[in-house]
Amino acid sequence: MVNVCRTSQDLSGQWKIQHYEVGEKRAMDVAAAALDDRFWIGATVPGDVHGALAERGIIDPIYFGHNDVKSRWIVQKEWWYRTTFNLDAGASSDERIELVFEGLDTFATVYVNGHEVGKTANMLMSHTLDVTRLVRSGWNAIAVRFDPLHLHHRDKETFDWSSYTKERPWLRKAAMNFGWDWGPRIVTVGIWGAVRLERSTIAKLQHVYARTNAVSKEQAQVQVTAEVQSVLSLRSQQERTQPVVTTCDIRLLDQQGEVVASAISLPVKQGKAEITLDVAHPCLWWTHDLGEPYLYTLEVTLYADDVAVDRYCQSYGIRTIELALHNEQGESRFAFILNGVKIYAKGANWIPADQLIGMIPKSRYRELVELAVEAHMNMLRVWAGGIYEKEVFYDECDRQGVLVWQDFAFANALFPDFNRDFMQNVQQEVENNILRLRNRASLAIWCGNNEIDWLYDMKTASGDITSPFYGEQIYHELIPEALERLDPSRPYWPSSPYGADHGQDANDPDTGDRHNWQVWHGSVYPRKQGEVPVLDYSIEGVTFKNYKKDQALFSSEFGMHASANRYTLEKNIPAGQFYWGSPEMAYRNKDTNHQKGILLMEGYTGIPQNIEEYMDFSMLTQAEGLRYGIEHFRRINDRNSGALVWQLNDSWPGTSWSMIDYELLPKASFYYAKTFFHPVLLSLEHEPGHSLNVWVVNDTQDEVGGQLRLNVYGLTGERLYTSAYGVKVPAQSSMQITALEEAEVLGTKRAEEVMVVLQAEGFVAPMNRYFLRDPKDVMLPHSQLSVHVNEEEQSVTVNASGAIARMVKLELPVGRVRFSDNYFDLLPGESRTVTLQHPEMQALPLKELRVSAMNASEA
C-alpha cells in the first residue's frame with residue numbers, strides 16, 4: 001500500500017535577526033523574499049533575541065552583575081527574524097501545507113515569500129498558518145516581525161492590581177518576564193518554540209484524545225477519539241466523482257511493540273472515529289514511588305480510500321486520576337487518588353528553568369526532573385506565572401513517574417474579562433493547551449490561576465482594589481466550560497489556594513488547598529473573608545515554627561529563602577563584590593523585604609557576619625525549616641494529603657526559595673528532602689522543654705515492621721542513651737511510637753549538648769538526626785575533618801574527629817555536579833563516602849574540591 005502520510009519539515013535551527021526603530025522601515029520591504037540579509041545577525045531557533053545577542057557577544061552575559069539592566073533597550077525595538085527553505089514540489093489540489101510555530105513571543109506578523117500570512121498576539125500557545133497557496137517548488141523565504149510590547153499596552157486601561165508591573169494584564173505573555181520576587185525583569189522577544197512545515201494530503205488527524213475510563217487488574221477501558229479534517233480544496237472536492245472514504249486504525253502497543261488492543265478500519269463519521277479499547281491485564285502507570293510508570297504506545301493511522309494519509313504516535317499511560325474532596329466519613333479532604341489508591345503528594349512548585357525560556361536545552365528539563373525523583377518527589381506544580389511547559393517537560397514526567405499540577409497562565413493580577421478581543425485570545429490559548437496536554441499520563445489536575453481569588457479578597461479588604469473582580473469569568477466560566485468539552489477526564493480547581501468555609505478566606509486550612517506564607521512573609525492567620533490582612537515582620541511572625549500551627553488539607557505552596565551555592569554566585573558576581581551585604585549580593589535577592597530572611601536567621605542560627613555564614617546559615621535554616629514543616633504535614637497524613645515546596649528550581653543565579661540553584665547545584669534542603677520525602681519517614685516531634693515524640697510515617701502500600709532505635713549522643717560523640725521500640729505501621733498511615741521526657745534521655749547533659757539519632761532496623765528508612773535546640777543555642781566544639789579522594793572512582797570519603805561535624809559541605813567549582821550526599825552531619829569517628837557524577841564530564845576536577853563544616857575548617 002502506498003503511504004502518503006503527513007510529512008513534517010523542521011525549520012528550526014539557524015535564522016537571522018535584525019532590529020529597527022518603530023516605523024523606520026516599510027514592513028513589506030523587510031519581508032520581501034529577495035531581501036539581502038547577509039549582514040543580519042545569526043540566531044538559533046528556538047531561542048530569543050537576548051540569547052542570540054549574548055551568544056554573539058553583542059550584549060554582555062545577561063546574568064553577570066547588573067547586565068540584565070543594560071539589555072533593557074531590546075524591548076523598545078522592532079525585531080525581525082528571517083530564514084529560507086527548499087520545497088521539493090508545490091502543493092497539489094489534494095494537499096495543504098501549514099506553517100507551525102510552537103512559540104512566538106509575543107506580537108508577531110508572519111510573512112511567506114513576501115506575503116503577510118497572519119498576526120499573533122499570544123506567547124502561550126502554538127500558531128498554525130495555512131501557506132498552501134504561497135509556497136512554491138524550490139526556494140522559499142519566511143520573515144517574522146515582532147512589535148515592541150508598548151505598542152499594544154500603552155493605550156490600555158490599567159487596573160488596581162497587577163503584581164510587579166502594570167502592563168502585563170493585557171499581554172498574553174509569561175508573567176515572570178516582567179520580574180518576580182525571585183527573578184529579574186527580562187522582557188524577552190523572539191521565536192521561542194520549534195518551527196516546522198507540515199504537508200497533508202486529502203485529510204489529516206486534527207486531534208486524538210485518549211482517556212482511561214476504568215481500570216482493574218483484569219482489564220482497562222481506554223476510550224480513543226480521533227478527529228479528522230479534510231484538507232481538499234473546494235476545486236478538488238468538486239472534481240471528485242465519489243466522496244473520499246476515510247477510516248482509522250487504532251492500536252495500543254506494549255513496550256515490546258506487540259499489539260495489546262486494536263480497532264481496524266473504523267469509519268470516520270461526521271469528522272470523528274471513536275472506540276473503547278479493552279486492554280486485558282493492563283500494566284498501569286504509577287508514580288515512581290508506588291510502582292512503574294508504564295507507558296504504552298498509542299498509534300492512530302488515518303486512511304483515505306485505503307491509502308494511509310496521516311499517523312499519530314504517542315506514549316500513553318493507562319491510569320485513572322481523581323481529586324477526593326471528602327473522605328469516607330464525609331469530612332473535608334483534598335487528596336489525589338491514582339488508580340484507586342490515595343497518594344501523599346510530595347514535591348515542589350516549578351518555575352521556568354531560565355528567564356530566557358527559548359534558550360533552555362532539553363537536558364536541563366531532564367536533569368531537573370531526575371533530581372526531583374532523586375529527592376522522592378512525586379508531584380510538580382507548573383506555576384501560573386510561567387508558561388504551559390514544553391513537550392520535553394511532560395515527556396520526562398510521563399517517563400519518570402511524576403504527577404503534574406498544571407496551572408493556567410494567570411497569576412496575581414486582574415485581567416480584562418470584559419473585553420471581547422482579550423477573551424477570544426484567552427479562549428484560543430486555553431483550548432490550544434488543553435488539546436496539547438490532555439493525553440499526558442502525568443497531568444493530574446488543571447488549576448485556573450495562582451492566588452488571584454484569595455488575593456482579590458485580601459486586597460479588596462485592605463483598600464488596594466476598588467474594582468470588580470476582573471478575570472473571574474475566565475476561571476469560573478471560560479476554563480471549566482472548555483474542560484467539560486475537551487477534557488472531562490481529570491479534575492479542575494479554580495485557583496490555588498481555593499476553598500473557604502464558615503466565613504474563612506480562600507486560604508482556609510479546612511477546605512481545599514493552602515499556601516502557607518505565615519512563614520517567611522509573616523501573614524497573620526486565621527483570617528476571615530473581608531478582614532484587613534495583617535503582616536507580622538518579627539522573629540515570631542516569620543519563624544518556621546509556625547508550620548506546626550498549620551492543619552492544612554493540602555499544602556501547595558510554602559518555603560523560605562536560601563543562598564545559591566558558592567560556584568553559582570561567584571560565577572555571576574563581579575570581582576570584589578562577593579561579600580555579605582554587597583550591592584551585588586543584594587541584587588541577587590528580588591524579594592520585597594530583605595529583612596524577612598534576616599529575621600528568620602536571627603531567630604534560628606543568629607545573624608550571619610560574613611558571606612560564609614550567610615551561605616551556611618540560610619541553607620541550614622531553609623533545610624531545617626522545610627523538614628520541620630513537611631514532617632509535621634506528613635505526621636498528620638490522616639488529614640493532610642500533600643506538601644509542595646515553593647520552589648524546586650531557579651530561573652537565574654539568585655537568592656530565592658529554590659531547592660536547586662540555577663547551575664543545577666542542589667542546596668542543603670534538597671539533600672534533607674531525600675529523608676523528609678522518603679516513603680518511610682522516622683520523625684522526631686519535639687519542642688524545647690517538652691517530650692520527645694517519636695513517629696513513623698509510612699506512605700507505601702505495604703505494612704512496615706521492625707525496630708526503631710533511638711540513640712542520644714553528646715557533642716563530642718559519647719553515647720548517652722539508647723532504646724529500641726517495636727514498629728508495625730499499616731500502609732499509608734502515620735503512628736506515634738513512643739514519647740520520652742527530655743530528662744530521661746539527657747542524663748547529666750543539657751539539651752544544648754546532644755544530638756538524637758533515629759535509625760530503622762529490619763525495615764528500610766533513612767536515618768534521621770536532630771538537635772534539641774536551635775543552632776544559635778548549640779555550642780558545638782571544634783571538629784576536625786579528614787578527606788580521602790579516590791579519583792578513579794570519583795568519590796570522596798569524609799571522616800570527623802573530636803566533635804560532631806555540623807553540616808559537612810562539599811564544593812566543586814563546576815555546575816551540574818551530582819553529589820550522592822551533601823550538607824550532612826557526622827559523629828566523631830564516623831565516615832561518609834560521597835560519589836560524584838556529572839551528566840557530561842567523565843572526570844571531575846577533584847583537586848579543586850573544598851570540604852568544610854560549620855564548626856570545622858576547610859580540609
Side-chain angles (χ1 to χ4, degrees), residues 287 321-327 331-338 342-351 377-386 402-412 442-458 475-476 479-480 483 490-521 523 525-527 529 546-547 549-559 626 629-630 632-634 636-648 657 677:
T287 51
I321 191 78
E322 303 167 68
L323 178 63
L325 299 179
H326 296 91
N327 62 14
E331 299 165 327
S332 291
R333 174 67 58 85
F334 193 97
F336 289 93
I337 312 295
L338 178 65
K342 175 183 171 291
I343 69 167
Y344 192 93
K346 301 183 286 276
N349 286 258
W350 171 282
I351 64 171
M377 298 183 188
N378 60 18
M379 178 176 279
L380 294 172
R381 175 184 173 226
V382 179
W383 171 72
V402 177
L403 290 169
V404 174
W405 171 312
Q406 179 67 56
D407 283 359
F408 285 91
F410 300 91
N412 303 61
S442 56
L443 184 57
I445 186 172
W446 296 101
C447 179
N449 70 68
N450 178 73
E451 296 187 340
I452 295 176
D453 289 62
W454 171 46
L455 291 182
Y456 176 77
D457 171 56
M458 295 250 282
Y475 334 117
H476 297 279
I479 293 174
L483 286 168
R490 55 176 53 81
Y492 173 67
W493 197 239
S495 183
S496 181
Y498 189 77
D501 204 359
H502 306 298
Q504 301 300 315
D505 75 359
N507 212 14
D508 177 14
D510 291 325
T511 315
D513 70 316
R514 187 162 198 272
H515 292 189
N516 185 315
W517 289 119
Q518 289 96 300
V519 179
W520 186 264
H521 286 313
S523 300
Y525 266 81
R527 175 185 174 270
Q529 187 172 0
N546 287 324
Y547 282 137
K549 301 174 184 176
D550 190 349
Q551 297 292 307
L553 300 178
F554 192 101
S555 308
S556 49
E557 259 195 41
F558 61 99
L626 290 178
I630 289 165
H632 160 66
F633 292 137
R634 293 189 64 189
I636 60 169
N637 64 7
D638 59 332
R639 174 180 176 86
N640 181 286
S641 298
L644 306 182
V645 176
W646 184 270
Q647 62 208 61
L648 179 72
W657 294 264
F677 274 154

Would you check if there is a donor-acceptor pair between the side chains of Asp513 and Ser556 at a distance under 3.5 Å?
yes
Please tell me whether Ser332 and Thr511 have a donor and an acceptor in their side chains that are separated by less than 3.5 angstrom.
no
Distance in Å, [X] [atom1] paired with [Y] [atom2], rounded so as to fall on 0.5 Å steps:
{"X": "Phe336", "Y": "Leu323", "atom1": "CZ", "atom2": "CG", "value": "5.0 Å"}
{"X": "Tyr525", "Y": "Gln504", "atom1": "OH", "atom2": "CD", "value": "9.0 Å"}
{"X": "Trp350", "Y": "Gln647", "atom1": "CH2", "atom2": "CD", "value": "11.5 Å"}
{"X": "Leu644", "Y": "Met377", "atom1": "CG", "atom2": "CE", "value": "9.5 Å"}
{"X": "Asp457", "Y": "Leu455", "atom1": "CG", "atom2": "CG", "value": "9.0 Å"}
{"X": "Trp657", "Y": "Leu626", "atom1": "CH2", "atom2": "CG", "value": "13.0 Å"}

Before giving the answer on side chain to side chain donor-acceptor pair (under 3.5 Å), spell out for Glu557 and Trp517 the whole-Å C-alpha distance, their side-chain angles and the decisive distance to 0.1 Å.
CA-CA 8 Å; Glu557 259 195 41; Trp517 289 119; 3.0 Å; yes
Looking at Asp453 and Tyr475, would you say the former's side chain and the latter's main chain have a donor-acceptor pair under 3.5 Å?
no
Does the His632 side chain pair with the main chain of Asp550, one donor and one acceptor, at a distance under 3.5 Å?
yes
Side-chain heavy-atom pair Asn546, Asn516 within 4.5 angstrom cut-off
no
Min side-chain heavy-atom separation Phe408-Asn449 under 4.5 Å:
no
The side-chain hydrogen bond (donor to acceptor under 3.5 Å, both in side chains) partner of Asn450 among Asn412, Asp407, Asn349 is Asn412
Which residues satisfy the side chain to side chain donor-acceptor pair (under 3.5 Å) test with Ser555, sequence neighbours excluded?
Asn640
In terms of side-chain geometry, is the basic nitrogen of Asp505 or Arg514 positioned less than 4.0 Å from the acidic oxygen of its partner?
no
Are the charged groups of Arg333 and Asp638 less than 4.0 angstrom apart, N to O?
no
Please confirm whether the ring centroid of Tyr498 lies under 6.0 Å from the ring centroid of Trp493.
yes
Answer yes if the ring centres of Phe633 and Phe558 are under 6.0 angstrom apart, and no otherwise.
yes
Could you give me the CA-CA distance, side-chain angles and deciding distance for Glu322 and Arg490, then say whether salt bridge (Lys or Arg N to Asp or Glu O under 4.0 Å) is met?
CA-CA 7 Å; Glu322 303 167 68; Arg490 55 176 53 81; over 6 Å; no
Derivation of the ring pair (Phe, Tyr, Trp, His ring centres under 6.0 Å) call for Trp520 and Trp646:
CA-CA 11 Å; Trp520 186 264; Trp646 184 270; over 10 Å; no
Under the salt bridge (Lys or Arg N to Asp or Glu O under 4.0 Å) criterion, do Asp510 and Arg639 qualify, and how do the steps go?
CA-CA 10 Å; Asp510 291 325; Arg639 174 180 176 86; 2.5 Å; yes
Taking the six-membered ring for Trp, are Trp454 and His515 parallel (under 30°), tilted (30 to 60°) or perpendicular (over 60°)?
perpendicular
